[in-house]
Amino acid sequence: MDKTYLIANWKMQLPLKEAISLAKEIANASVGFTAQAEIVLCPSFDSILMVAEELKNSSIKLGAQDCFWEAEGSYTGEISPKFLAEAGVKYVILGHSERRQNLGENNHQINLKIRAALSVGLIPILCVGETFEERQEGRKDFVIMQQLNHSLHDIKLLTNDFLIVAYEPVWVIGSGQAVDPEEAEHTSQVIKQTLFDLFGTEIYKQQTAVIYGGSVNPNNFKSFLEQTTIKGALVGTASLEAETFTEMIKQTS
Ligand code: PGA
C-alpha cells in the first residue's frame with residue numbers, strides 16, 4: 001500500500017524554544033497514529049538538532065528545508081546534505097518557491113541539490129508550481145513540466161532512492177485558500193506523466209510520490225487525500241500549531 005505523507009514546513013517561523021515544544025507536543029499527540037503515514041517535521045536549521053532530539057523516540061521523521069549541492073568544502077554559510085544525513089535528517093525540501101523567488105534559485109541549482117541529496121540517501125521533496133500570471137496565461141502545465149524536466153535532467157533513481165514531488169501553486173501558498181482538490185489532482189497527473197516519461201514505469205510506480213501543498217489545513221486535508229494520485233501534503237501555516245497539525249495526523253489513519 002502507498003504511504004501517505006504529511007510534511008510540516010516550519011519555514012523561518014519558530015524560535016528555538018517554540019520549535020522544541022511544538023516538536024514535543026506533536027510527538028506526544030501522534031503516538032499510535034503514525035503507522036500508515038510518514039509524518040515529517042522540517043524545522044529551520046538553528047533548531048534542527050534539538051528537534052532531532054525530541055523526535056528520537058518517536059516515529060516522526062526529520063526533514064530539512066534546503067541543502068547545498070556539495071557534500072563538504074569551502075562553502076561559507078552552506079549546509080551539507082552529508083552532515084544533515086549524519087544528524088538524522090531523512091528528507092529535504094528542495095526548490096521551494098520562496099527560495100526560487102527570494103534567492104533566485106534556479107532549476108539547474110535544484111538539479112545539483114537533488115543529486116547531492118540522493119547521493120547521501122536523503123529523500124528530496126522537490127517543489128514545483130506556477131505563479132498566478134503563468135496560470136492566467138494558460139501556461140500552468142507547461143511551466144510545471146519544464147520545472148520537472150530541468151530540475152530532474154539526467155538524474156537516475158537507483159534502487160534505494162525515492163523522490164517526492166510537491167505540487168505547490170505559488171499563488172495559494174500562505175493565502176488560506178487552497179486550489180480545488182480536483183484541479184490539484186489534474187496537475188498531479190501531469191506530474192506523474194512527466195515522471196513516467198523521465199524514469200519509466202517501474203521507478204515511477206515504486207520510487208516516486210506526488211503530494212500537494214498550499215493552504216492545506218484540517219478542513220481540506222482529507223479532500224486532497226481522497227484524490228487518486230495525491231499521496232499527502234506539504235503544510236506550512238497549519239503545521240505551526242500542535243492542535244491543527246495533530247488533527248491532520250489523525251486524518252491519515
Ligand atoms: P502554507 O505553506 O501551508 O502556509 O500555504 C505551504 C508551503 O509553503 O509549503
Side-chain angles (χ1 to χ4, degrees), residues 4-14 18-19 22-23 26 37-45 47-48 51 60-67 89-105 110 113-114 117 122-132 134-135 140 143-144 147-148 151 163-181 183-184 187-188 191 209-225 227 230-249 251-252:
T4 301
Y5 295 88
L6 178 60
I7 303 173
N9 177 8
W10 288 353
K11 308 191 179 184
M12 200 178 71
Q13 304 279 22
L14 300 173
E18 287 180 31
L22 182 56
I26 292 172
E38 191 79 338
I39 313 296
V40 184
L41 301 185
C42 304
S44 52
F45 288 117
S47 57
I48 207 160
V51 169
I60 296 181
K61 307 292 191 310
L62 190 64
Q65 297 175 19
D66 182 42
C67 71
V89 169
K90 297 263 177 286
Y91 292 84
V92 59
I93 299 171
L94 293 173
H96 191 282
S97 60
E98 287 154 9
R99 296 192 61 83
R100 292 180 193 255
Q101 286 185 331
N102 298 327
L103 296 152
E105 207 168 275
I110 295 162
K113 289 180 178 199
I114 294 171
L122 295 176
I123 298 178
I125 303 160
L126 166 63
C127 298
V128 295
E130 81 287 0
T131 63
F132 190 61
E134 288 164 340
R135 182 187 196 79
K140 181 192 69 165
V143 164
I144 285 162
Q147 286 172 347
L148 288 167
S151 57
L163 170 75
I164 296 175
V165 176
Y167 168 49
E168 295 212 305
V170 177
W171 51 286
V172 302
I173 290 175
S175 71
Q177 183 63 55
V179 298
D180 283 343
E183 197 191 323
T187 312
S188 174
I191 293 169
V210 180
I211 62 174
Y212 167 80
S215 296
V216 176
N217 59 46
N219 298 327
N220 62 23
F221 180 44
K222 266 247 138 114
S223 59
F224 288 101
L225 290 186
Q227 304 303 314
I230 296 175
K231 297 298 170 201
L234 179 57
V235 185
T237 314
S239 71
L240 298 171
E241 298 270 344
E243 207 180 315
T244 48
F245 195 68
T246 50
E247 179 55 39
M248 284 187 277
I249 292 176
Q251 291 178 13
T252 64

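Numbering of ligands and ligand atoms starts at 1, following listing order.
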| task | Salt-bridge test for Lys90 and Glu38: reply yes if a basic N is under 4.0 Å from a carboxylate O, no otherwise. | result | no

| request: Applying salt bridge (charged side-chain N to carboxylate O under 4.0 Å, His left out), name anything that partners Glu168, two or more places apart in sequence or on another chain. | output: none

| field | salt bridge (charged side-chain N to carboxylate O under 4.0 Å, His left out) partners for Glu134, two or more places apart | value | none

| field | Matching residue for Leu234 among Ser239, Cys42, Cys127 - test: side chain to side chain contact (heavy atoms under 4.5 Å, CB included) | value | Cys127

| For the residue pair Tyr212 and Phe224, does the interplanar ring angle fall in the parallel (under 30°), tilted (30 to 60°) or perpendicular (over 60°) class? | parallel

| message | My understanding is that only residues two or more places apart in sequence, or in another chain, count here; which of them pass ring pair (Phe, Tyr, Trp, His ring centres under 6.0 Å) with Trp171? | response | Phe132

| remark: Output for ligand 1, non-hydrogen cut-off under 4.0 Å, lists Asn9, Lys11, His96, Glu168, Ile173, Gly174, Gly214, Ser215, Leu234, Val235, Gly236, Thr237

